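This report concerns only the one structure given below.
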Number of protein chains: 2
Amino acid sequence: MKKSRVTLTDIAKALNISASTVSRALKDHPAINKETKRAVVKLAKKLKYQPNLLALGLLQKKTYTVGVIVPEITGHFFSTVITGIRDVLSPAGYNIAICLSNESFQEEIAITEKMAKTQIDGVLVSPASSTKTYKHFKALQKNGIPLVVFDRDCPGLDADKVLVDDYDGAFQAVEYLINSGCKNIAHLSGPMNLSITEHRLQGYLDALGKHKFPVKQENVIHVSGFTHEDGIKPAQKLLKLKNRPDAIFAMNDCIAISAMHVAKKMGLQIPGDVSIIGFDDEPHSSYFTPALSTIWQPVYSVGMLSARILLSKLQEGEEEPELRREVFKPELIIRASSKAV
Amino acid sequence: MKKSRVTLTDIAKALNISASTVSRALKDHPAINKETKRAVVKLAKKLKYQPNLLALGLLQKKTYTVGVIVPEITGHFFSTVITGIRDVLSPAGYNIAICLSNESFQEEIAITEKMAKTQIDGVLVSPASSTKTYKHFKALQKNGIPLVVFDRDCPGLDADKVLVDDYDGAFQAVEYLINSGCKNIAHLSGPMNLSITEHRLQGYLDALGKHKFPVKQENVIHVSGFTHEDGIKPAQKLLKLKNRPDAIFAMNDCIAISAMHVAKKMGLQIPGDVSIIGFDDEPHSSYFTPALSTIWQPVYSVGMLSARILLSKLQEGEEEPELRREVFKPELIIRASSKAV
DNA sequence: TTGTACGCGTTATCAT
DNA sequence: ATGATAACGCGTACAA
């Protein structure tokens, strides 16, 4: 027997008044008798009345729910972004529906469709690494659902964007390695087709170029995913090269840790034989031995700003054609896994 | 100008037929003309019609959405549980609404209320460490919303539960330390009032008791939270004791890493001077130096089973009074941070 | 101050 | 095979 929940009408019947009066009493409507209001509020509390948000959403065409699509939440990055998003959206009265694409294009499409059906008010998204076209995002926009892209760019998609200057972070890291005397710098790059992969790779290449360092094909290896396991073989390949690199810039901390692990197993000194720098500044990165040098990003701010931008679109209602593109600067954090300059 | 999305009626008008016919055409109803069906489907596709799930939910009193309440997602544990939950619920046609209580009792209450309002079908929850009463959960149940508690128990709450035998895990760890020759074993315990904290502590105490080891007050310190920072001071306090422990069993890997960090800074050998064992088997735990011994839990299975139990309640409809209580056994994983037996 | 009527989008039921 | 109607729970314009 499905217990149906208490409704406005239930209260109205019990008090022998109309549902609209009950509605007004519960919403601080100006035109309402104090007595009736008191009675209604009292009974509502007693019956533990909960307004049905589905009905409200249907009526107002507004659900006060924002969808957040991220590829994963195992790492520090996205879970922190989500915290930033929540800290902005929650006080503003918005719900957050977190959805994981699992780095899968297909799942991402399924999620966006579901969101459109559930009448979500707006969407914050960081696309999966396997995402190739943006039709599903454009479909959302055509439905009048504002979209903000964060961290991972969607080149060619007209949307508000909050990004981090990955190019700059990579450039800083590699230039530091050069300044610290490294001569043969390798790069453990990310999965192809991902904006952050490309930008970090380009930063690496340009830093080498600026200092007239030759770029060697063999020194750049793409990993297939973001787990430790994904980094092991590529790191081995790199460190077994005839002309072994004396520095590795890894696309993230997780992969950097794999590289450290491999290097240590091979009996190499860090940073004596190989300097290593990661990206992301995961919370545990400073606890490894040696402590990992890395690139710090204003992750929490990325979440907050993305949410604020979405919020403004949501509240102004009128779509303003001016799209925002905000880019945060990352910072190099030098610890013990790289030589001093 | 808010673009309202395409509805059944829009399609009906365009085709000069009734909304119900359109509805039938789109749902493979038996009684429907092939021609009209073809026309409807074609137009629906062209117009990118998306059924409004709010309306459906309102009508059927079923939203096909399940709420998942977890204290945090930064660690490996809850993100993996969520994966398990999703892998069961998604194929069954259910949506998942992930909500973070942030270890806050207040937020947890707010979340449960919101879930009741949004007419969620069922709830999976692992309570916050600050949660003290279960009224909010009972309110959900009274509303006819099935509830499954996982990992962290709610003593006294009548609900389906999927737990891990934390007592047993702790017992195994401590007994191993004893067998490996440690004489003065300390425990970095979790926040008070948390079932897993109590069970792990009890396992520690009973293992000592079984082997006639004295229990020293000074050897048990509670940490206030689950981050690395929360573990530093307690670990320092422990390792600066006049009678320094020769082993530490930490309530989780994160805290164990803090302890390792402190020990190394003090120039202690691990496991020569201090053995260390954690709990959770985080993915990076084996990459530390020395690799961390720990307790592995069937995390993914916890998620899957919880979801399956909820699913059965959801589908059978009729509430069956028989509550399930499933307890998984954890496994001790010995790496390099503890001596061999 | 309060009640009535209507509509949000959908489906089930009954009628045609 | 198709259409009309009612219903889900709520808020609001309008009437009383």
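Just so we're clear, the structure is a prediction, and the values are computed from it rather than from any experiment. Reminder, nothing fancy here: chain letters follow the sequence lines and each chain counts from 1.
When side chains are defined from C-beta on, B:Lys61 does not count as touching B:Gln119, because their heavy atoms never get closer than 4.5 Å. Proximity of A:Val123 to A:Val66: side-chain heavy atoms (C-beta onward) are nowhere separated by under 4.5 Å. No side-chain heavy atom of B:Asp10 sits under 4.5 Å from any side-chain heavy atom of B:Tyr49.
When rounded to the nearest whole Å, the span between CG of B:Asp10 and C1' of C:dG9 equals 10 Å. Summarising the geometry, the separation between NE2 on A:His29 and P on C:dT2 is reported as 11 Å, rounded to the nearest angstrom. Straight-line distance from the CD atom of B:Gln60 to the C1' atom of C:dG9: 12 Å, rounded to whole Å. Residue B:Lys62 contributes atom NZ, which lies 24 Å from atom P of D:dA7 at whole-angstrom precision. When rounded to the nearest whole Å, the span between NZ of B:Lys27 and C1' of D:dA1 equals 18 Å. Following rounding to the nearest Å, A:Lys117 (NZ) and C:dT11 (P) show an atom-to-atom distance of 12 Å. Distance A:Asp28 CG to C:dT1 P: 14 Å, rounded to the nearest Å. In this structure, CG of A:Leu26 is placed 16 Å from P of D:dG9, rounded to the nearest angstrom.
Proximity of residues 32-56 of chain A to DNA chain C (heavy atom under 4.0 angstrom from any strand atom) is restricted to A:Ile32, A:Asn33, A:Thr36.
Between B:Leu58 and B:Arg24, the residue anchored nearer the 5' end of DNA chain D, judged by the nucleotide with its closest heavy atom, is B:Arg24.
Listed by first then second residue, pairs satisfying side-chain hydrogen bond (donor to acceptor under 3.5 Å, both in side chains) with a partner in residues 13-29 of chain A read A:Ser18-A:Ser20, A:Ser18-A:Thr21, A:Asp28-A:Lys37, not counting sequence neighbours.
In the model, B:Ser104 has no side-chain atom that pairs as donor or acceptor with a side-chain atom of B:Gln106 under 3.5 Å.
Residue A:Lys61 places no side-chain N or O under 4.0 Å from the OP1 or OP2 atom of C:dG7. The side chain of B:Ser23 places an N or O atom within less than 4.0 Å of a non-bridging phosphate oxygen (OP1 or OP2) of C:dT11.
Counting any heavy atom pair closer than 4.0 Å across all strands shown, A:Leu8 reaches sugar-phosphate atoms only and no base atom.
Candidate nucleotides C:dG9, C:dT4, D:dA4 were compared by shortest atom distance to the side chain of A:Ser18, and C:dT4 ranks first.
Scanning atom types as modelled, one donor and one acceptor separated by under 3.5 angstrom connect the side chain of A:Ser20 and the base of C:dT4.
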Any chance you could lay out the side chain to side chain donor-acceptor pair (under 3.5 Å) test for B:Ser101 and B:Glu107, step after step, and finish with the verdict?
-> CA-CA 5 Å; B:Ser101 68; B:Glu107 293 203 40; over 6 Å; no
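Geometrically, B:Lys62 engages B:Tyr64 in a cation-pi contact defined by less than 6.0 Å to the ring centre and at most 45° from the axis.
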